[in-house]
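These figures come from a predicted structure and were not determined experimentally. Order of the sequence lines sets the chain letters (A, B, ...), proteins ahead of strands, with each chain counted from 1.
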Amino acid sequence: MDFDLSESQNMLLDTAKKFLEKEAKGLARQVEKTDAGYSPELWQKIAELGWIGLVFPEQYGGIEGTFQDLVLLVEEMGKAVFPGPFTTTAISGLSILDHGNSSQKDAFIPALTDGELIISPALIKPDPLMNESIVHDQASMKNGKYLLSGTRLFVPFGHVAGRFIYEADTDKGKTLFLIDAGNPGIRCLPLDSIAGDKPCEVVLEGVEVSEEDIIGTPGKAEKIIKQINTRGALLESAYICGMLEQVLKMTVEYANEREQFGDKIGALQCIQHQCADMATDTDQVKFLTYEAAWKLSKGLPADKEVSMAKSWASDASRRVCLLGVKIHGGTGVMEEHDMQIYFRKAKAEELAFGDGDFHREIVATQLGL
Amino acid sequence: MDFSFSAEEEKFKQEVQELFISEEELSKAAKKEWNTGLGFGPNCWKILQKIGERGWLCPTWPKEYGGLGLSYMYRYIVVEQMHHFVDIYTTVGAGMAGPIILSHGTDEQKNKYLPPIARGEVEFVLGYTEPQAGSDLAALSIKAEDKGDYYLINGSKLFNTRAHYSQYHWLGARTAVIKPKYKGISLFIVDLKNTPGITISPIWSVGGTRTNEIFYDNVKIPKDSLVGEANRGFYYILEALDYERISTVAGLERDFKELVEYVKEKRKAGDPIIRQKLGGLAAEIESARLFALKVAWMLDNGRVPNYEAAMLKMKVAETEQNLVNTAMQIFGPYGQVQKGCRWAQFDGQFERFYRDSLENLITRGTSEIMRNIIAQRGLGMPRR
């Protein structure tokens, strides 16, 4: 049993804390008003720090860290609500590393770790009951090439992605493609959303894709997609964990300074008990996330643990941020204060890669129900 | 980071499990006895002695006092298995009184009390709470007057649960009327079987558990009953609370598993509401288990789990409440039916647990006191 971090993990986090403190303060509020929705300049800097390549082999420009290292780094990013396509690019890259062929790895992973290439999973199909899609799914063959049409929603940072991971139902079954986002048949529309973090609608119309862009075996997309979603859910949990730690810190600081009725509100038990509940919720997210990360890093089955982590994280994310806002009083709803960003972001993270209900259902299945 | 037991710990865990499995009949009888709410019966004593004779009741203690000189993780492992097989976590002797005797008692006290505690032969009843001193323990008022060659005790105690079968009272009493109040409290060991003037009278809880009121009427106890220094008792109590909050969710995991099997058997596994509840509970129980492991790990690494222990205590109690409540909800109206009735599910076990689970929200510090500790010690919020 060991709840401590390794020396190299401590070094990584030390650098991350300093960097984010210096570079990312107030960043989330600034960039959500820009078209990019993140800072390309800082993206280059974190590439130079080796963060984007953290979990990739040296031969592709990575530094060969573990998935657990990645989880810890994402937790730090969560504290700063660091905006950008970091987690989704990392898990996309990992799926190429695990399932791509050598020429795909050579072509895309070094570009990714260098910070030049953003890859985004475009895997969520529209629910026909919610709204009618303009372009429906189609996959056909023409002159040995695939012609793909379809609509995908909530594609993270789709507007700045160089490649999409896209699943289509071909004659061989569900097949995963790595599609060039620059293809003239692709339209990408960032959607205005609660956290201002640019989930996109991506529309493919007669996009020509060659067999070389298939990831893994044709017809075997489901396993890879499941892996992407599992990793995504865990990294979201880590990001939420960081956010909640920061919200708790901000809230306690505020309560210990703010005076009403001639005393610090932090001396009131009603406030203290809410903060204690925030701390407990946050620690639950933290250890469930760490345990799942440890299992994934060891290559052990972790579906149940990941879903326990994300189910708790999703609901805690909402609970803790709501208490944070309430304790901040009017200050918590001011646009110029960070608290409201965490509150909005908490909802987006709650929904990303499955909300609490979704993951509790997975846990139930894992229990044999 | 590593969430697994070492190979040695894993081997030890198996040995402990094997004891309970080889003593299956006895374990079951002890669990049944304990769950009557009457406390330790003959089978409880027997299984405690089987655990004790192997040095497992107090594995962290030195060998000379009946321990094995092992780390806290071994104690965690024993407590986990005890919780799983017999529902009794530990004894007050092994968990609360013993550690204070070990660090503050005289050599005579250590030699007299520690070996029988470690062997599972004696039990102590915790003597802290009084009618006017619950969460505010420092307000306790039972009087211990130094009369030169003895102490004279007058006053009463409330909710001293294990009194009717314990040999000793672990008594917190006032030796000085002083402000702040906590600076006038001392700890004593009182021989309940051989001391005149003590009356133990039963109180029954909503959960069917017997607890007690204890009255001291001009009770004389020897001078060497005092543990450590006079008026330092409150410090010892707090210290022991920090260091002995080893707890587990093994009993909850066992009941949860039975509940899951029940849901499958009764073909309710397809009900989305039940699936949601059980999925959520699994995560909650697992998070509490990780809190417990963290506290044991901190103790082994010389770190004081002051707010972590409070968080663990609160979480385990509240998770237990959630578990029994969920079971009751799954049973619907059948949940209310008591033991012995043919419509009772699990022979009414959860109906009783539902009532009995209230106790853990209160005893050893209420959830609200735990929240104070988390906020003040853990988060640095002001104390008033």
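Atom CZ of B:Phe353 has more than 12 neighbouring heavy atoms from other residues, nucleotides or ligands inside a 6.0 Å radius. Heavy atoms from other residues, nucleotides or ligands lying under 6.0 Å from CZ of A:Phe343 number 12 at most. Within a 6.0 Å radius of OH in B:Tyr89, other residues, nucleotides and ligands contribute more than 12 heavy atoms. Under a cut-off of 6.0 angstrom, the local environment of NZ in B:Lys266 is sparse, with at most 12 non-hydrogen atoms contributed by other residues, nucleotides or ligands. The environment of B:Glu15 atom CD is dense: over 12 non-hydrogen atoms of other residues, nucleotides or ligands sit within 6.0 angstrom. Counting heavy atoms of neighbouring residues, nucleotides and ligands inside a 6.0 Å radius, atom CD of A:Glu259 exceeds 12 of them.
Interface remark: B:Phe256 contributes side-chain atoms only to the contact with chain A (heavy atom separation under 4.5 Å). For a residue to count as touching a neighbouring chain, one of its non-hydrogen atoms must lie under 4.5 Å from one of that chain's; by this rule A:Leu248 touches chain B with the side chain only. Within the 4.5 angstrom heavy-atom criterion, no atom of A:Ile265 approaches chain B. For A:Glu361, the parts lying under 4.5 angstrom from a heavy atom of chain B are both the backbone and the side chain. Looking at B:Glu284, both its backbone and its side chain come within 4.5 Å of chain A, counting heavy atoms on both sides. Neither the backbone nor the side chain of B:Glu308 comes within less than 4.5 Å of any heavy atom of chain A.
Taking CE from A:Met278 and CD1 from B:Ile374, the interatomic distance works out to 13.0 Å, rounded to the nearest 0.5 Å. A distance of 10.5 Å separates CZ of A:Arg360 from CG of B:Leu281, quoted to the nearest 0.5 Å. Rounding to the nearest 0.5 Å gives a distance of 9.0 Å between CD1 of B:Ile274 and CG of A:Leu369. Interatomic distance, CG of B:Asp300 versus CG of A:Asp2, reported as 11.5 Å (0.5 Å rounding). In this structure, A:Glu291 CD and B:Leu293 CG are separated by 8.5 Å, a value rounded to the nearest 0.5 Å. In this structure, A:Gln284 CD and B:Thr319 OG1 are separated by 7.0 Å, a value rounded to the nearest 0.5 Å.
Within the 4.5 Å cutoff, the side chain of A:Lys304 has no heavy atoms near those of the B:Glu286 side chain. Residues A:Phe3 and B:Met1 form no side-chain contact, since every pair of their non-hydrogen atoms from C-beta on lies 4.5 Å or further apart.
The aromatic rings of A:Phe287 and B:Phe291 stand perpendicular to each other, their planes meeting at an angle above 60°, with 30° marking the opposite boundary.
By number of non-hydrogen pairs under 4.5 angstrom with chain A, the leading residue of B:Met73, B:Met311, B:Gln276 is B:Gln276. In terms of heavy-atom pairs under 4.5 Å with chain B, the best-connected choice from A:Leu268, A:Asp357, A:Val252, A:Val363 is A:Asp357.
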> Would A:Thr365 and B:Arg275 satisfy side chain to side chain contact (heavy atoms under 4.5 Å, CB included), going step by step from the backbone distance to the final call?
Replying inline: CA-CA 8 Å; A:Thr365 304; B:Arg275 296 173 71 82; 3.0 Å; yes
> Could you walk me through whether A:Asp283 and B:Lys294 pass the side chain to side chain contact (heavy atoms under 4.5 Å, CB included) check?
Replying inline: CA-CA 11 Å; A:Asp283 271 4; B:Lys294 174 149 193 222; 5.7 Å; no
>> As a quick check of understanding, evaluate side chain to side chain contact (heavy atoms under 4.5 Å, CB included) for A:Asn256 and B:Leu379, giving each step before the final call.
In response: CA-CA 10 Å; A:Asn256 284 351; B:Leu379 302 174; over 6 Å; no
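With A:Thr280 as the fixed residue, the side chain to side chain contact (heavy atoms under 4.5 Å, CB included) test singles out one of B:Arg371, B:Met370, B:Met314: B:Met314.
In this structure, A:Trp312 and B:Ala283 approach most closely via the heavy-atom pair CE3-CB, 4.0 Å. Nearest heavy-atom pair, B:Met381 versus A:Ala255, reported as atom, atom and distance to 0.1 Å: CE-CB, 3.9 Å.
Judged by distance alone, with hydrogens and angles left aside, the side-chain atoms of A:Gln272 form a donor-acceptor pair with the main-chain N or O of B:Pro382 at under 3.5 Å.
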